[in-house]
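Below you'll find the structure, written out as structure tokens, and then a few comments.
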Protein chains: 2
Amino acid sequence: MVARPGPKRALSEDEVLNAALALLDADGPDGASIRKIAGTLGVSPNAVYTYFSDKSSIEQALVERLLGELNRDAVSRADWREDLETLALDLRRRLTAHPGAVPLLLGGPMNGPEALQLGERLLEVLARAGLPEQAAARASYLIMIYVLGAVALEVADVPQAGALEPEASRIAARRAAMTQVPSSMFPRTAAAVDVMAQWVGTEQYVWGLHRVLDGLAASR
Amino acid sequence: MVARPGPKRALSEDEVLNAALALLDADGPDGASIRKIAGTLGVSPNAVYTYFSDKSSIEQALVERLLGELNRDAVSRADWREDLETLALDLRRRLTAHPGAVPLLLGGPMNGPEALQLGERLLEVLARAGLPEQAAARASYLIMIYVLGAVALEVADVPQAGALEPEASRIAARRAAMTQVPSSMFPRTAAAVDVMAQWVGTEQYVWGLHRVLDGLAASR
DNA sequence: ACCTGAACACCGTTCAAGT
DNA sequence: ACCTGAACACCGTTCAAGT
């Protein structure tokens with residue numbers, strides 16, 4: 001990085017991303033407009049273009065930062081299955097903390113440095129588990145589908161723009177959803193919603209991950 | 001439904017949805033603006049509000065219509081595993097045909113009548129497979145995570161706004177992606193992209209589904 | 001009941017100008 | 001180099017008015 005000369009920098013890239021994330025958390029997926037970001041920072045909208053070339057590059061940088069924080073948490077190098085679980089839980093925790101950012105992650109390719117680093121870590125764990133190259137590649141893609149798919153469905157079910165509530169109140173929300181499913185038309189679905197309402201999100205998530213890992217083990 | 005009196009209807013709900021889908025296909029996820037829909041139909045933007053109360057209800061109706069078409073295809077009542085595969089492949093085919101509509105599906109809860117009907121069908125197949133109520137509920141949710149997650153990642157990897165190209169050229173696109181992964185920094189990822197590039201999308205998708213089903217079978 | 005034109009409060013982005 | 005004000009081409013939505 002070269003030093004930047006010029007008058008003065010009123011802002012920094014990080015401040016822009018902070019403002020964007022705060023707006024995303026407060027106002028939902030469309031809340032982080034350039035004009036609102038600028039307003040939050042007390043600057044004219046155009047000033048933002050000094051730090052990012054356009055809105056999509058702000059979104060990409062934000063996704064990269066979230067994944068970067070995830071990558072800073074080293075995996076414990078214990079049992080590989082446990083490491084995988086820790087990684088998956090960490091990713092879910094960080095993404096559900098910022099539901100408004102999830103569409104940004106799902107909306108574009110995972111090709112930034114931090115996204116690649118995350119994939120690399122996953123492949124390392126799988127290699128440690130003894131999987132040869134091809135099996136590891138396929139397994140990592142399947143695990144990514146599960147992890148991101150689970151988070152996407154979880155976030156999509158939350159009507160609110162704000163951060164996800166504690167799990168207790170989410171169960172109440174599911175119960176409310178249940179009563180909206182007419183059991184005369186969709187008897188199995190109504191019963192299924194009832195079953196799922198009594199199952200805490202984290203348990204569900206880990207259970208699903210284990211089913212995926214079992215399926216991978218069975219194919220060896 | 002009551003008959004509608006009044007002057008004349010220049011449009012219909014279906015025409016609005018047709019225009020919206022065409023714009024989505026042509027211009028990507030943000031292409032279906034109310035003003036462009038109206039322009040396509042040769043009508044003033046406000047006329048659209050006669051048929052739908054707001055933009056989000058157009059999006060919901062569009063998702064419902066896509067799922068409705070899926071529900072019209074009856075499952076063959078052959079082997080349950082085969083039925084599940086047919087259902088999953090059909091869903092993937094219909095969604096990847098309209099990549100711009102995928103964020104709309106992933107962006108909201110699956111609580112419309114057609115979405116519930118799809119879930120009901122899934123639960124019926126699983127019941128036929130001999131799964132008791134609770135196991136079927138969990139299994140159907142896991143399968144939905146896989147199917148929607150796989151489609152989401154597939155669509156997110158396509159840079160273009162337009163419909164997905166034939167698989168042959170998609171392989172070329174993946175090869176191009178590979179060369180962009182610096183193998184010095186991400187050796188395993190670079191190798192994995194190479195492996196995955198030689199694997200056709202449909203095969204990958206079915207393979208992943210089978211791993212999920214194996215995982216479910218292993219947990220019984 | 002259904003359409004139109006005008007307007008309001010936004011949006012991303014660009015341009016010309018100031019320091 | 002970095003910021004500002006003004007402008008352009010959009011956007012969803014509402015209001016008042018016409019038939």
Side-chain angles (χ1 to χ4, degrees), chain A residues 1-63 100-101 103-104 107-108 161, chain B residues 1-63 100-101 103-104 107-108 161:
Chain A
M1 303 293 175
V2 278
R4 299 184 189 243
K8 42 198 161 198
R9 298 196 113 213
L11 275 45
S12 71
E13 279 85 353
D14 256 339
E15 284 180 277
V16 173
L17 296 183
N18 289 340
L21 188 56
L23 285 164
L24 235 32
D25 290 343
D27 303 342
D30 297 328
S33 72
I34 287 186
R35 295 176 112 103
K36 279 203 276 187
I37 292 169
T40 297
L41 298 170
V43 98
S44 119
N46 311 336
V48 175
Y49 287 86
T50 303
Y51 303 89
F52 294 95
S53 60
D54 53 17
K55 197 193 180 185
S56 80
S57 71
I58 297 178
E59 295 173 344
Q60 284 176 241
L62 194 55
V63 167
L104 305 185
Chain B
M1 304 292 175
V2 278
R4 298 185 189 243
K8 43 202 160 194
R9 298 195 113 211
L11 274 49
S12 69
E13 279 85 352
D14 255 339
E15 283 179 278
V16 173
L17 296 183
N18 289 342
L21 187 56
L23 285 165
L24 235 31
D25 290 344
D27 303 342
D30 297 327
S33 71
I34 286 186
R35 295 175 111 103
K36 279 203 274 187
I37 291 169
T40 298
L41 299 170
V43 97
S44 118
N46 312 337
V48 175
Y49 286 87
T50 301
Y51 302 90
F52 293 96
S53 61
D54 55 16
K55 197 191 182 188
S56 81
S57 70
I58 296 177
E59 296 173 344
Q60 284 176 241
L62 194 55
V63 168
L104 304 187

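Protein chains get the first letters and strands the later ones, always in sequence-line order, with residue 1 at the start of each.
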Does [X] place a side-chain N or O at less than 4.0 Å from the phosphate oxygens OP1/OP2 of [N]?
X: A/K55; N: C/dG12; result: yes
X: A/S33; N: C/dC11; result: yes
X: B/T50; N: C/dC2; result: no
X: A/Y49; N: C/dT14; result: no
X: B/Y51; N: C/dC3; result: yes

Roughly how many Å is it from [atom1] in [X] to [atom2] in [N], rounded to a whole number?
X: A/D27; N: C/dC10; atom1: CG; atom2: P; result: 12 Å
X: A/I37; N: C/dT13; atom1: CD1; atom2: P; result: 11 Å
X: B/E13; N: C/dA1; atom1: CD; atom2: C1'; result: 13 Å
X: B/E15; N: C/dC2; atom1: CD; atom2: P; result: 14 Å
X: A/K36; N: C/dC10; atom1: NZ; atom2: P; result: 9 Å
X: A/L23; N: C/dC11; atom1: CG; atom2: C1'; result: 14 Å
X: A/R9; N: D/dC3; atom1: CZ; atom2: C1'; result: 12 Å
X: B/R35; N: D/dC11; atom1: CZ; atom2: P; result: 7 Å

Reported [atom1]-to-[atom2] distance for the pair [X] and [Y], which is rounded to 0.5 angstrom:
X: B/L62; Y: B/E13; atom1: CG; atom2: CD; result: 13.5 Å
X: A/L24; Y: A/K36; atom1: CG; atom2: NZ; result: 10.0 Å
X: B/F52; Y: B/L17; atom1: CZ; atom2: CG; result: 4.0 Å
X: B/I58; Y: B/L21; atom1: CD1; atom2: CG; result: 12.5 Å

Name the pairing partner of D/dC11, where a pair is Watson-Crick or G-U wobble with both distances under 3.5 Å, or state none.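 Result: none.
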
D/dA16 pairs with which nucleotide, Watson-Crick or G-U wobble, both distances below 3.5 Å?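 Pairing partner: C/dT4.
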
Counting heavy atoms from C-beta on, name the nucleotide in D/dC3, C/dT13, D/dT13 closest to the side chain of A/D54.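 The answer is C/dT13.
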
Are any side-chain N or O atoms of A/Y51 and backbone N or O atoms of A/L11, one a donor and one an acceptor, separated by less than 3.5 Å?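 Between the backbone of A/L11 and the side chain of A/Y51 there is a qualifying donor-acceptor contact (under 3.5 Å).
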
